[in-house]
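Contents: one structure, followed by commentary.
Throughout, a chain's letter reflects where its sequence line sits, starting with A, and its residues are numbered from 1. All values derive from a computational prediction rather than experimental measurement.
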Protein chains: 2
Amino acid sequence: MGTVDRIIHNRGQVAQENVDKVNAIIEKYGYKRNILASNLALNKKFRFAVFLPQYEKLEYWKSQIIGIEKAVLEFSKFGVVLDYFFYDFNEVSFKKTVQKVLEFDCDALLFAPIFHEESIHFLQEYEKRNIPVVMIDSNIDSESKHAYVGQDAFQSGYLAGRLSSFAVKNKRHILICKITREIESTSVYLQRIDGFYSFFKDHEELTNFKFSEITIKDSGFDQLTLDMFSGINSIFVPNSRAYIVAGFLEKNNIKGVRIIGYDLLKENIEYLNKGIIDFLINQRPEDQGYMGITYLYKKLVLQEETEKTHYIPLEIILKENYSPAKN
Amino acid sequence: MGTVDRIIHNRGQVAQENVDKVNAIIEKYGYKRNILASNLALNKKFRFAVFLPQYEKLEYWKSQIIGIEKAVLEFSKFGVVLDYFFYDFNEVSFKKTVQKVLEFDCDALLFAPIFHEESIHFLQEYEKRNIPVVMIDSNIDSESKHAYVGQDAFQSGYLAGRLSSFAVKNKRHILICKITREIESTSVYLQRIDGFYSFFKDHEELTNFKFSEITIKDSGFDQLTLDMFSGINSIFVPNSRAYIVAGFLEKNNIKGVRIIGYDLLKENIEYLNKGIIDFLINQRPEDQGYMGITYLYKKLVLQEETEKTHYIPLEIILKENYSPAKN
DNA sequence: TGAGTTTGCGTGTGCGTACACGGAATTTAT
DNA sequence: ATAAATTCCGTGTACGCACACGCAAACTCA
């Protein structure tokens, strides 16, 4: 037993002759180590660090946490333990928390690389330490071996392009509303817009489309003006804040404008039900959190082969297929 | 150890006094039985019976099987073993196989209740035997405790209604093409149509819509005639055979008709890419199979609380968001 | 009251793996 | 050659649970 064990874990202390013999037998009989018994004997905790923005007031991140908690409830019996690290909505807080997380000794990491630049070095560190990482929400497309759970941002923008091409009139003027906040993955943002334009590039027959862009800081309702929307038939908001535009249009009684946005926030749903927002692309945040933890569980606890990327389906939500159950 | 064990499994043979004592301690210290060790000691195989239509030539069911195999690959290390029961595309074969399955001694059952009537009694039998069942693809809405993995058929029809209301012209004539085959869940079928009409009932402002229905047997291309489609603006095919209609329209060079169908079959995708089919609602069959087995695994092996119903998202596939990766 | 029956309880072993420990075999140093 | 250091290997126990087995206590009935 001892010798075979040493061979299986190649811990040395065994003659080459025996190594070969045992390996031959393992091969011949197709021995597979029993993960149940292994984990039982190991009697080990698996510490997953969860590094996300402070979610208290962010519906989207709250859903992510719900999914995470659901997963850890299942996996706690296998020794999975979470340690949360939350940061506030600014770069300083983010950087501080990065330090804390780096100092923390964990077996795996779940992380949303919101601040693109700052995240790169951070992630490299984990690659060096050989600690598995899963990114959720947004991906850093380096050639790293880190996993990703979330949507294909480019493709979702492309789809949004198609959705906004469902024209009532032939001539169309599309407005892209960039409503930014410091805390937001700008890369996701840009990929969506990129995908959006790509749709129209790929469809030359749709020449009768014009595009404008406006940029608003924060949740600044007051920065919107009426003339921004004159002659506009369709609006694409490449993040979750379509409700701001919808609110403005409602207040000023502007009708017949198609709005396409992201995420099933309460405010968005409200305007969806009123018929002011037409399409929302759901990112299924709860599933993302759940799948993220599940990935790490499969990788570490079960030591399975896992697929590096898990794309969440591009779920199009209309007033008519929204049901409150699915967040 | 023995006494405590007898109490935990309430196997009797222990004085009430001790039962109370032990239960008090279990309560006090929050003892949870370790499922890992339990399964290790049990050293038991979990036999799942999988009862589905012969899939060789059915793309949809093939995908289901792929998902099932993927799941069982993961769970085989926990002692999960599958036994397949396939039946041919007719009632006789179905009934024969029902007998075989009933005679087979299994711990759980995954089943697609295609033949509604015949399935009811069959499922009751498993309820009697207290064997957990998960239904995939279509649900039998009895108040049974059997689980379901699949779409909300009514809601998907409702959504299809909305999709076909994206009118280019104001006057619209919608054709509902019922292309039936013996092997098909008629209940799913009817629920979808029901949902479809309900959409228009709920939206009285859409009065300028007219409806017709045609019914075709089998994959009978030859039963279609030109006059069936005269004046039609939009077609709803409430199952996976939209490609038949699309093929007919293509052959006869009829253009500008919107087609809405189900499932990402090769033929459907072909017409989607040609722009003849506009919308496909994806049922994610691979996910269904995977989730079905996962449900039984969680229920039996992990003995977790599980949600009875797992709805697959209503994924709308357009030419622009179809990617071959997702079956 | 004693034999027979039932009920209650503890011991022991096994599930498949991990790892500490100590002894045997081999090598190196003196 | 002998002592010391090193390499190699087997035994034993633990992980947490399930269950067979057998013994002791309590009960039944004559």
Side-chain angles (χ1 to χ4, degrees), chain A residues 1-47 72-81 105 107-108 130 297-305, chain B residues 1-47 72-81 105 107-108 130 297-305:
Chain A
M1 270 165 63
T3 304
V4 171
D5 179 70
R6 259 164 264 140
I7 293 171
I8 288 173
H9 299 85
N10 36 264
R11 213 177 305 110
Q13 307 287 326
V14 45
Q16 185 59 42
E17 184 193 5
N18 289 331
V19 174
D20 295 340
K21 270 191 210 164
V22 170
N23 278 332
I25 291 173
I26 286 178
E27 193 67 25
K28 183 173 171 191
Y29 292 93
Y31 165 82
K32 293 264 170 60
R33 157 157 122 266
N34 183 328
I35 305 280
L36 290 190
S38 172
N39 284 332
L40 186 64
L42 268 172
N43 204 18
K44 178 185 188 303
K45 292 278 172 214
F46 296 90
R47 308 188 77 90
V72 84
L73 195 72
E74 280 182 29
F75 302 143
S76 59
K77 54 170 73 78
F78 294 89
V80 172
V81 174
D105 185 37
D107 302 305
N130 210 21
Y297 157 74
K298 285 188 180 170
K299 180 109 183 173
L300 263 93
V301 182
L302 300 185
Q303 301 179 21
E304 276 177 13
E305 290 302 310
Chain B
M1 270 167 61
T3 304
V4 171
D5 181 71
R6 256 164 267 140
I7 294 171
I8 288 173
H9 299 86
N10 36 264
R11 206 169 321 103
Q13 306 288 328
V14 45
Q16 187 58 43
E17 183 193 6
N18 290 331
V19 173
D20 295 339
K21 271 192 210 165
V22 170
N23 279 331
I25 291 173
I26 285 178
E27 194 68 27
K28 185 173 173 192
Y29 292 93
Y31 165 82
K32 293 265 170 60
R33 156 157 124 268
N34 183 328
I35 305 280
L36 290 190
S38 172
N39 282 332
L40 187 63
L42 269 171
N43 203 16
K44 176 184 189 307
K45 291 280 171 213
F46 296 90
R47 311 189 74 91
V72 84
L73 195 72
E74 281 182 30
F75 302 144
S76 60
K77 54 168 74 75
F78 294 91
V80 171
V81 175
D105 184 36
D107 302 303
N130 210 22
Y297 158 74
K298 285 188 180 170
K299 180 107 183 174
L300 264 93
V301 182
L302 301 185
Q303 301 179 19
E304 276 176 16
E305 290 301 309

field: Rounded distance in Å - NZ (A:Lys21) to P (D:dC8)
entry: 14 Å
- prompt: What are the two closest non-hydrogen atoms of A:Asn39 and B:Leu36, and how far apart are they?
  reply: CB-CD1, 4.1 Å
task: Over all heavy atoms of both residues, which pair between A:Ile35 and A:Val301 is shortest? Give the atoms and the distance, please.
output: CG2-O, 3.3 Å
task: Measure the shortest side-chain to side-chain distance between A:Val14 and A:Val22 over non-hydrogen atoms and say whether it is less than 4.5 angstrom.
output: no
query: If you round to the nearest 0.5 Å, how far is CG of A:Asp107 from CG of A:Asp105?
result: 7.0 Å
query: Do you see a donor-acceptor pair shorter than 3.5 Å between the side chains of A:Asn23 and A:Glu27?
result: no
statement: In 5'-to-3' order, the base (B), backbone-only (S) or no-contact (-) status of each nucleotide in nucleotides 14-24 of chain D, using a 4.0 angstrom heavy-atom cut-off, is -BBBBB-----
query: Once you round to the nearest 0.5 Å, how far does CG of B:Asn18 lie from CD of B:Gln16?
result: 9.5 Å
query: What orientation do A:Phe75 and A:Tyr297 show, parallel under 30°, tilted 30 to 60°, or perpendicular over 60°?
result: parallel
- prompt: Below 4.5 Å, heavy atoms only, C-beta onward: do B:Val19 and B:Arg6 meet side chain to side chain?
  reply: no
query: Does NZ belonging to A:Lys45 count more than 12 external heavy atoms closer than 6.0 Å?
result: no
Where chain A begins and ends its contact with DNA chain C, read 5' to 3' at 4.0 Å from heavy atoms: C:dG16 to C:dC19
- line: Shortest non-hydrogen pair, A:Ser38 vs A:Arg33, comes out as OG-NE, 3.7 Å
message: To the nearest 10°, give me the bend of the helix from C:dT1-D:dA30 to C:dT30-D:dA1, comparing the axes of its five terminal pairs at either end.
response: 50°
